[in-house]
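Before any comments, here is the structure.
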Amino acid sequence: MNNVRLIVSNLRKAFNRRLVFDGVSFTLEKPASIVITGRNGSGKSTLIKILAGVLSTSGGNFFYEVGESKLDSENIYKIIGLVSPYLILYDEFTAFENLHLFSKIRGIKKSNEEIFDLLDQVGLYERRNDLLRTFSSGMKQRMKYASALIHNPTVLLLDEPTSNLDDEGKKFVNKLIQDFKSNKILVVATNEQSDFQFGDSIINLDAYKINSKR
Amino acid sequence: MKKAYYIFHKDFSSELRMRFALNALIMFVVVSLSTILFAIGSEKATENVYAGMMWVVVFFSAMSGLSRTFVSEEERGTNLILSLIAHPVNIFLGKFLFNLVLIFFINTIIAILYLTLFSGFVIQNWYSFILAFVLGNIGIATSSTIIAAIIAKANVKGTLYPVLAFPILLPVILMLIEITKSAMVGESISEVQSEFFVLLSYDVVMLTASLMVFDIIWKD
Ligand SMILES: Nc1ncnc2c1ncn2[C@@H]1O[C@H](COP(=O)(O)OP(=O)(O)O)[C@@H](O)[C@H]1O
Ligand SMILES: [Mg+2]
C-alpha cells in the first residue's frame with residue numbers, strides 16, 4: 001500500500017478583503033489524524049473545503065502525496081471522502097440511485113450488492129428505494145457517509161461529523177473514525193469537546209487570524 | 001468520456017423528473033411562435049424576415065432554458081457533491097452534452113413548426129440548411145454551457161445571462177441567418193462558404209476555450 005501524505009504550508013484564505021486564516025501549516029502522514037477547532041466563523045468549514053479541493057486558496061499551498069508523486073489538484077477527489085453540512089445530495093433520486101450514480105460518474109465498478117451493503121452499513125438499507133427528499137436530516141447525514149465512503153478513500157474529511165445523528169449513528173461514526181485514525185488519514189472539524197480525542201493533534205484556527213502580509 | 005456520459009445521464013433523468021429546463025423552453029417556443037403567427041398571418045414575408053425570426057426564436061429559447069444546467073446545481077447546492085465525484089473536464093462535457101441534446105430537440109421542434117406553420121418558409125437547399133443547423137446547434141450549446149457556468153457563480157443570475165449571451169452568440173446567429181436565407185433561395189453551399197467557415201471555427205474555438213477556462217470558473 002502506497003504511502004500518503006497531506007502537506008499544508010502557510011495556507012491563507014480571505015473572502016474579498018476579509019481574512020479568515022493565515023499561516024496554517026501541518027503535515028499528516030498515513031496513519032494520522034488531526035482535529036480542527038475554533039469559534040464559529042473561524043474558518044473550519046472553509047479549511048475543510050479547501051482540503052477537499054473544491055475551494056481556492058488565497059495564499060500558501062497544500063498538496064497530497066501518493067507514494068513519491070504529488071496528486072494533481074483536479075484528481076484530489078479520487079482519494080478523499082467528505083462529510084460536511086454543505087454537502088447536498090440529489091433530492092430527486094433515491095438513496096440507491098444516488099450511490100449508483102456516484103459510482104458510475106467516478107468510474108468505479110460497484111455491484112448492486114456492494115451498494116446495498118454500504119447502505120446497510122449506514123443503516124439505510126430498508127429505505128434504499130425512497131427519494132432523498134423524504135429523508136430526515138439524520139438520514140441525510142448517514143447518506144453523506146455512504147457517499148463519502150463509496151470509493152474507499154484514503155483521506156476522510158469530516159466537518160461536524162455527528163450533527164443530526166442519533167446514538168446508533170454516532171456509534172457508526174466513532175467506529176469509522178477509529179478505523180481511519182489508525183489506518184488512513186483523518187481530518188475532523190468540530191467544536192465538540194468530546195470529539196477532540198479523535199485527533200493525534202489539534203489545531204485551533206482562532207490563532208491564525210493575524211495577517212502576515214501587513 | 002464515459003464519466004461525462006454518466007453526468008449527462010444524471011442530468012437527463014433529473015430533467016425528466018424535475019423539468020428545470022424543458023417546461024420553460026416549450027412554453028417559450030409555443031408563445032413566441034403563436035405571436036409570430038398572429039403577426040404575419042397569411043401575408044408572405046421575405047426570406048430575410050423568416051430566417052431572422054426563426055433564429056431569434058432559437059436564440060431566446062436558448063436563453064430561457066440552457067442556463068438551468070449549472071444554475072440548478074448551484075441553487076440547490078449540489079455543485080459540491082458534483083465536484084467531489086468528477087474531474088472538471090468531465091463535468092463540462094457532461095453538461096455540454098445535455099445542453100446539446102436539449103438544443104437539438106428544441107430546435108428540431110422549432111424548425112418543424114416553422115416549416116409547417118409558415119407556408120412562405122421553404123428550404124430549397126436542404127444540405128446547406130441541415131449542415132448549418134448542426135454546426136449552429138453545437139456552437140449554441142457550447143457557448144450556453146460556458147456562460148451558464150459563469151452566471152451560476154454570479155449573484156444576479158437572471159439578468160446576466162442574456163447580457164453575456166447576446167454578444168457571445170451573435171456571430172453564430174448572424175451566420176445562421178445568412179445561411180438559412182441562402183438555403184431558402186436555393187443557393188449552393190459554395191455561395192456561403194465563408195459563413196460556414198466562421199461557424200466551424202466558432203465551434204472549435206469556443207469548445208477549446210471553454211474546456212481550458214472551465215476549471216477556473218468551476219472552483220469558487
Ligand atoms: N462563500 C463565502 N463568501 C464570503 N464569506 C464566506 C464564505 N464562506 C465563508 N465565509 C466567511 O468565512 C468565515 C469562516 O466561515 P466557516 O469556515 O464556515 O467557519 P466555521 O466553519 O469555523 O464556523 C466566516 O466569517 C464566513 O462569514
Ligand atoms: Mg462550519
Side-chain angles (χ1 to χ4, degrees), chain A residues 13 15-16 45-46 48-58 71-94 97-109 131-133 140 143-144 146-151 153 155-157 159, chain B residues 1-23 68-98 149-150 152-155 211-220:
Chain A
K13 179 67 187 180
F15 288 105
N16 301 317
S45 300
T46 303
I48 290 277
K49 282 189 208 165
I50 290 174
L51 297 180
V54 296
L55 193 63
S56 60
T57 64
S58 315
L71 199 65
D72 218 8
S73 73
E74 280 110 44
N75 288 317
I76 291 177
Y77 77 95
K78 290 179 182 163
I79 65 157
I80 65 134
L82 171 74
V83 174
S84 152
Y86 299 96
L87 195 62
I88 295 163
L89 307 184
Y90 293 99
D91 252 3
E92 71 274 29
F93 296 123
T94 68
E97 284 170 336
N98 265 281
L99 297 178
H100 185 68
L101 202 78
F102 298 159
S103 69
K104 288 290 186 195
I105 293 176
R106 277 182 177 281
I108 51 175
K109 289 210 165 56
L131 295 179
L132 250 51
R133 175 183 303 140
K140 282 184 178 163
M143 266 306 287
K144 292 180 190 177
S147 75
L149 295 173
I150 194 162
H151 55 298
V155 180
L156 193 59
L157 307 173
D159 190 358
Chain B
M1 218 42 219
K2 217 168 179 175
K3 296 177 186 174
Y5 165 77
Y6 283 113
I7 291 175
F8 160 77
H9 188 267
K10 167 193 91 63
D11 281 357
F12 193 80
S13 343
S14 201
E15 180 63 38
L16 288 183
R17 291 185 195 183
M18 308 284 281
R19 304 288 165 88
F20 292 118
L22 208 57
N23 287 352
R68 299 307 305 166
T69 41
F70 282 114
V71 173
S72 76
E73 302 261 11
E74 193 78 25
E75 279 174 355
R76 299 189 302 151
T78 50
N79 48 342
L80 182 55
I81 184 71
L82 196 55
S83 37
L84 284 170
I85 55 175
H87 194 282
V89 166
N90 288 327
I91 296 174
F92 179 83
L93 288 177
K95 299 283 180 186
F96 164 68
L97 203 59
F98 177 75
I150 295 170
K153 299 285 175 195
N155 294 324
L211 281 170
M212 288 188 330
V213 299
F214 179 69
D215 243 27
I216 306 160
I217 298 169
W218 177 241
K219 212 189 238 188
D220 272 320

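Hydrogens, waters and symmetry mates are skipped; everything else that's a heavy atom, side chains included, is used. So you know, we letter chains A, B, ... as the sequences are listed, proteins then strands, and number each from 1. In this text, all values refer to a predicted model and were calculated from it rather than measured experimentally.
Residue contact with chain A, scored on non-hydrogen atoms closer than 4.5 Å, involves the side chain of B:Asp215 exclusively. The contact between A:Leu131 and chain B is made entirely by side chain atoms (from C-beta outward), counting heavy-atom distances below 4.5 Å. Within the 4.5 angstrom heavy-atom criterion, only side-chain atoms of A:Ile80, from C-beta onward, approach chain B. A:Leu55 touches chain B through backbone and side chain together, each having a heavy atom under 4.5 Å away. Heavy atoms of A:Ser103 lying under 4.5 Å from chain B are absent altogether. Contacts of B:Lys2 with chain A are absent, with no heavy-atom separation under 4.5 Å from either backbone or side chain.
When side chains are defined from C-beta on, B:Leu84 counts as touching A:Leu87, because their heavy atoms get closer than 4.5 Å.
Ring planes of A:Phe93 and A:Tyr90: perpendicular class, angle over 60° (limits at 30 and 60°). In this structure, B:Phe8 and B:Phe98 have tilted ring planes: the angle between them lies in the 30° to 60° band. Taking the six-membered ring where tryptophan is involved, the planes of B:His87 and A:Tyr77 are perpendicular, since the angle between them exceeds 60° and thus also 30°.
Ion pairing of B:Glu73 with B:Lys95 is present here, as a side-chain N (NZ or NE/NH1/NH2) and a carboxylate O approach within less than 4.0 Å. Salt bridge annotation for B:Glu75-B:Arg68: present, with a cationic side-chain nitrogen under 4.0 angstrom from a carboxylate oxygen.
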*Please lay out, stage by stage, how B:Phe96 and B:Phe214 fare under the test ring-ring contact (aromatic ring centres under 6.0 Å, His included).*
CA-CA 12 Å; B:Phe96 164 68; B:Phe214 179 69; over 10 Å; no
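No other option in A:Lys144, A:His151, A:Arg106 has as many heavy-atom pairs under 4.5 Å with chain B as A:Arg106. Per-residue counts of heavy-atom pairs under 4.5 Å with chain B were compared for A:Gly81, A:Gly53, A:Ser73, A:Ala148; the largest is that of A:Gly53. By number of non-hydrogen pairs under 4.5 angstrom with chain B, the leading residue of A:Ala52, A:Ser147, A:Ser56, A:Ser84 is A:Ser56. Interface check for chain A: of the options B:Ala4, B:Ala86, B:Ser83, the most heavy-atom pairs under 4.5 Å are formed by B:Ala86.
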